[in-house]
Amino acid sequence: MNAVSAAPPITPLRWRAGLELLDQTRLPHEEVWLRIGTVAELAEAIVRLAVRGAPAIGIAAAYGLVVALDEPSDGDPAATVAAAAARLLATRPTAVNLRWALEAGQRALASFVELPPGERRERLLAWARELHEDDVARNRAMAAHGAPRLAGRPRVLTHCNAGALATGGIGTALGVIAEAFRRGSVAEVWVDETRPLLQGARLTAWELGHLGIPHRLITDSMVGALMSRGLVDAVVVGADRITVRGDVANKIGTYAVAVLAERHGVPFYVAAPLSTFDARLADGAAIPLEERAGGEITHVAGAPIAPAGTLAFNPAFDVTPAGLVTALITERGVLEPPLSPAIARALAGERQ
Ligand code: MRU
């Protein structure tokens with residue numbers, strides 16, 4: 001057993017008589033909390049990645065529906081919330097947790113929309129808090145199911161940030177890794193820096209430092225060299241959307257890691273709650289992949305690194321085909337290939 005740090009848990013968002021977000025664009029240098037007063041402010045915060053990571057975006061959007069009710073409006077509440085949901089849904093296309101939370105919020109509201117305004121607002125807030133707490137429990141379950149997969153695999157690699165900063169609880173991929181570290185099986189984490197926005201360098205390294213888990217930062221292009229030298233025992237990443245046949249959209253660069261993992265016989269695990277599964281999609285090619293401004297590639301932390309006027313291409317996500325996934329770690333257990341029937345069973349269990 002290893003000791004994990006007793007420092008207060010990291011959380012990307014909280015409700016303190018209103019929604020507050022830890023501005024992740026300022027990490028790791030500054031911890032700045034943003035007060036979100038309007039749906040427009042929340043939409044802007046999601047677009048610029050002040051709050052990010054699939055489950056965290058879903059939770060922020062759930063609270064955003066309460067923010068919508070708190071804004072002055074003479075429209076009917078269902079229409080106000082529907083307009084807010086449409087606005088929030090348009091912020092980022094890839095993480096399906098956003099759609100999942102917004103649809104669930106509107107269904108919840110429909111069941112108590114006739115209540116007086118104050119009571120209706122409290123019921124919607126209670127629903128959002130429950131969704132948040134539920135994610136905490138699901139993270140813990142994922143960690144418990146996934147950690148045994150890392151037994152005897154001391155050097156684990158992760159890409160992007162799928163930790164506490166990306167969820168309501170201890171994280172998906174990082175939750176599994178932290179639990180395996182606590183059990184004494186993981187000794188060190190390889191952290192891909194995750195160009196262009198450096199979620200690995202800025203956020204995952206910060207979280208692992210906070211937890212007291214040994215880690216080393218590498219550039220994304222080093223993964224193949226490390227694997228060829230036998231320095232990586234397993235990969236665990238998160239996901240933004242998983243189709244019913246097990247194709248996985250995640251941060252750009254994930255696909256390359258998966259191909260390299262297969263080439264070198266390294267197990268490639270994806271940890272994600274069932275809210276990340278899209279029951280309406282089978283083929284990963286149909287997942288909408290966000291494209292972001294080229295300036296994120298031509299500049300680093302605001303400083304240009306390419307000749308002025310250089311054109312860049314900046315897809316923010318890629319799709320790893322199911323065939324490259326060793327197993328999916330969910331709150332309902334580890335889903336093994338063949339993934340289609342395993343995913344169908346897990347989703348059916350969730351609906352019961
Ligand atoms: O663009 P981001 O930072 O929101 O991308 C995040 C990722 O790709 C994560 O791996 C994914 O959302 C899973 S987070 C538990």
Side-chain angles (χ1 to χ4, degrees), residues 43 46-47 52-62 64-65 78 81-111 127-128 130-131 134-135 138 142 160 162 166-168 172 237-252 254-255 258 270-291 315-325 327-352:
I46 295 174
V47 167
R52 45 141 305 277
I57 298 173
I59 298 164
L65 299 182
V81 164
R87 177 90 198 257
L88 294 170
L89 187 61
T91 53
R92 298 193 75 191
T94 305
V96 78
N97 309 61
L98 185 58
R99 182 184 83 198
W100 172 84
L102 292 168
E103 289 180 354
Q106 289 174 93
R107 277 197 307 274
L109 177 69
S111 68
W127 166 81
E130 208 175 296
L131 182 131
D134 189 55
D135 194 56
R138 286 172 194 258
M142 248 178 278
C160 194
T167 64
T172 58
V237 296
D240 287 82
R241 191 183 303 223
I242 302 175
T243 69
V244 291
R245 75 175 188 208
D247 296 341
V248 175
N250 191 46
K251 178 54 54 194
I252 192 76
T254 304
Y255 170 60
V270 178
L274 292 174
S275 55
T276 300
F277 288 70
D278 187 347
R280 300 174 205 170
L281 276 191
D283 185 352
I287 299 175
L289 300 178
E290 179 181 9
E291 254 178 56
F317 298 95
D318 59 28
V319 177
T320 297
L324 294 178
V325 175
L328 298 167
I329 300 167
T330 77
E331 65 273 44
R332 284 188 169 265
V334 178
L335 312 183
E336 312 267 6
L339 290 176
S340 293
I343 292 171
R345 277 194 301 275
L347 291 177
E350 184 74 357
R351 279 192 290 269
Q352 272 163 16

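Values reported hereafter were calculated over all heavy atoms of this structure, with side chains retained and with hydrogens, waters and symmetry mates removed.
Side-chain atoms of Asp247 do not come within 3.5 Å of backbone N or O of Pro321 as any donor-acceptor pair. Counting only distance, with no hydrogens or angles, the side chain of Asp318 and the backbone of Thr254 share a donor-acceptor pair below 3.5 Å. A donor-acceptor pair is defined here as one N or O able to donate and one able to accept, closer than 3.5 Å; no such pair exists between the side chain of Arg241 and the backbone of Ile287. Without hydrogens or angle criteria, Glu350 side chain to Ala346 main chain gives no donor-acceptor distance under 3.5 Å. A donor-acceptor distance shorter than 3.5 angstrom exists from the side chain of Glu331 to the backbone of Leu274, with no hydrogens or angles considered. A donor-acceptor pair is defined here as one N or O able to donate and one able to accept, closer than 3.5 Å; such a pair exists between the side chain of Thr94 and the backbone of Glu290.
Counting heavy atoms of neighbouring residues, nucleotides and ligands inside a 6.0 Å radius, atom CD of Glu130 does not exceed 12 of them.
Nearest heavy atoms, Gly246 versus Val325: O-CG2, 4.2 Å. Between Glu336 and Ala327, the closest heavy-atom pair is OE1-CB, 4.1 Å. Minimum interatomic distance between Ala108 and Ser111 (heavy atoms only, all atoms of both residues): O-OG, 2.6 Å. Residues Pro288 and Pro93 approach most closely at CG-O, 3.5 Å, considering heavy atoms.
Note that the CZ atom of Arg92 and the CZ atom of Phe317 stand 4.0 Å from one another [nearest 0.5 Å]. In this structure, the separation between CD1 on Ile59 and CG on Asp135 is 4.0 Å, given to the nearest 0.5 Å. Once rounded to the nearest 0.5 Å, the distance linking CG of Leu98 with OG1 of Thr91 reads 5.0 Å.
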Test side-chain contact (heavy atoms from CB on, under 4.5 Å) on Thr320 and Asn250 and set out the steps. CA-CA 8 Å; Thr320 297; Asn250 191 46; over 6 Å; no
Begin with the C-alpha distance, continue with both residues' side-chain angles, and end with the deciding distance and a verdict on side-chain contact (heavy atoms from CB on, under 4.5 Å) for Leu109 and Leu65. CA-CA 10 Å; Leu109 177 69; Leu65 299 182; over 6 Å; no
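Counted by atom type alone, Thr243 and Asp278 present zero donor-acceptor pairs between their side chains at under 3.5 Å.
Contacts of Arg52 classified as side chain to side chain donor-acceptor pair (under 3.5 Å), with partners at least two apart in sequence or in another chain: Gln24, Asn161.
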